[in-house]
Amino acid sequence: QVQLVESGGGLVQAGGSLRLSCAASGRTFRGDTMAWFRQAPGKERKFVSASIWRLGSSYYADSVKGRFTISRDNSGNTVFLQMNRLKPEDTAVYYCAARIGTVYYSRSSEYDYWGQGTQVTVSS
């Protein structure tokens, strides 16, 4: 049984930083795509960033480019999201996702596995 477990969310002031972690178990995602999405209240879930570890490729939404960095540990089964210079509009529930394969997608429907989400709140 595959599980993705996120951690690291919390409350931070604008301009601050947070680091999210997502640990996968039940299957190795070493060669696959892991990603972060976020969902603000009343809005649809949106792509934030993706990592294809085997290819050394990373992708970012324009809204977070230059502020957020995605990375993975040596096993490839834990993905991190370092979030710097946070803004109030970054407030959302952040979800970790994984899909089998090395093709990058920003559509949430393309991902096979999801974590339970972690709340990030940025105060102004």
Side-chain angles (χ1 to χ4, degrees):
Q1 180 181 356
V2 174
Q3 282 191 315
L4 303 180
V5 179
E6 302 102 332
S7 61
L11 173 63
V12 65
Q13 288 188 329
S17 299
L18 281 175
R19 189 188 195 214
L20 305 184
S21 300
C22 171
S25 61
R27 186 191 188 280
T28 179
F29 290 99
R30 190 180 180 91
D32 301 305
T33 304
M34 296 188 78
W36 290 95
F37 286 76
R38 66 186 182 186
Q39 188 167 18
K43 297 190 177 181
E44 64 180 12
R45 193 169 296 187
K46 291 186 177 180
F47 171 78
V48 175
S49 181
S51 162
I52 306 175
W53 193 64
R54 178 187 291 178
L55 303 179
S57 302
S58 300
Y59 304 89
Y60 298 93
D62 288 343
S63 59
V64 306
K65 207 170 289 184
R67 300 187 298 123
F68 290 10
T69 303
I70 193 169
S71 61
R72 292 170 64 170
D73 71 352
N74 288 338
S75 73
N77 254 35
T78 298
V79 62
F80 306 98
L81 186 68
Q82 177 66 43
M83 305 186 294
N84 298 329
R85 292 185 281 136
L86 283 160
K87 305 175 182 180
E89 51 263 44
D90 294 319
T91 295
V93 177
Y94 283 70
Y95 295 91
C96 175
R99 69 176 306 276
I100 299 169
T102 55
V103 178
Y104 152 68
Y105 289 102
S106 61
R107 294 188 301 272
S108 59
S109 59
E110 298 291 345
Y111 288 79
D112 305 300
Y113 305 101
W114 291 88
Q116 81 287 352
T118 185
Q119 177 70 47
V120 171
T121 303
V122 184
S123 64
S124 57

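Predicted model, so just to flag it, every value in this text is computed and none were measured.
- To the nearest 0.5 Å, atom CE of residue M34 and atom SG of residue C22 are 4.5 Å apart.
- Closest heavy-atom contact between I52 and Y59: CD1-CE1, 3.9 Å.
- In this structure, CD on E6 lies 12.0 Å from CD on Q119, to the nearest 0.5 angstrom.
- Placement of V93 and V48 in two distinct hydrophobic clusters is found when ILVMFWY residues are connected by side-chain heavy-atom separations under 4.5 Å, directly or transitively.
- Seen from the ring of Y95, R45 counts as a face-on cation partner, given the 6.0 Å and 45° thresholds.
- In this structure, G8 and L18 approach most closely via the heavy-atom pair O-CD2, 3.9 Å.
- Of the inter-residue distances, the one linking Q116 atom CD with S7 atom OG reads 9.0 Å to the nearest 0.5 angstrom.
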*Might you work through the side-chain contact (heavy atoms from CB on, under 4.5 Å) test for I100 and R27, ending with a clear yes or no?*
CA-CA 10 Å; I100 299 169; R27 186 191 188 280; 3.6 Å; yes
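- The ring of W53 has its center no closer than 6.0 angstrom to the ring center of F29.
- The closest donor-acceptor contact from the side chain of T78 to the backbone of D73 lies at 3.5 Å or more, if one exists at all.
- In terms of heavy-atom proximity, L20 sits nearest to T118 at CD2-CG2, 4.0 Å.
- No donor-acceptor contact under 3.5 angstrom links the side chains of T91 and E89, judged on distance only.
- Counting only distance, with no hydrogens or angles, the side chain of N84 and the backbone of G16 share no donor-acceptor pair below 3.5 Å.
- Cluster membership for V5 and F80, using ILVMFWY side-chain heavy atoms within less than 4.5 angstrom, is not shared.
- Residue M83 holds its CE atom at 5.0 Å from OH of Y94, rounded to the nearest 0.5 Å.
- In terms of heavy-atom proximity, S106 sits nearest to F37 at O-CE2, 3.3 Å.
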*Go through S49 and F68 one step at a time and tell me if the side-chain contact (heavy atoms from CB on, under 4.5 Å) criterion holds.*
CA-CA 8 Å; S49 181; F68 290 10; 5.9 Å; no
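- In this structure, R67 pairs ionically with D90, as a charged nitrogen and a carboxylate oxygen lie closer than 4.0 Å.
- In terms of heavy-atom proximity, R38 sits nearest to A92 at CB-CB, 3.8 Å.
- Side-chain contact, Y111 with R99: no donor N or O sits under 3.5 Å from an acceptor N or O.
- No more than 12 heavy atoms of other residues, nucleotides or ligands shown are found within 6.0 angstrom of NZ on K43.
- Panel note: side chain R30, backbone N77; no donor-acceptor pair is recorded below 3.5 Å.
- With rounding to the nearest 0.5 Å, the separation of CH2 in W36 from CD1 in I70 is 8.0 Å.
- Residues Y104 and F47 bring their aromatic ring centres within 6.0 Å.
- Here T69 contributes atom OG1 and R19 contributes atom CZ; the two are 10.5 Å apart, rounded to the nearest 0.5 Å.
- Among all heavy-atom pairs drawn from L4 and A24, the shortest one is CD2-CB, 3.4 Å.
- Note on Y105 and V79: separate hydrophobic clusters, where clusters join Ile, Leu, Val, Met, Phe, Trp and Tyr whose side-chain heavy atoms are under 4.5 Å apart, directly or indirectly.
- Listed for the R85 side chain is a donor-acceptor partner under 3.5 Å among the backbone atoms of G66.
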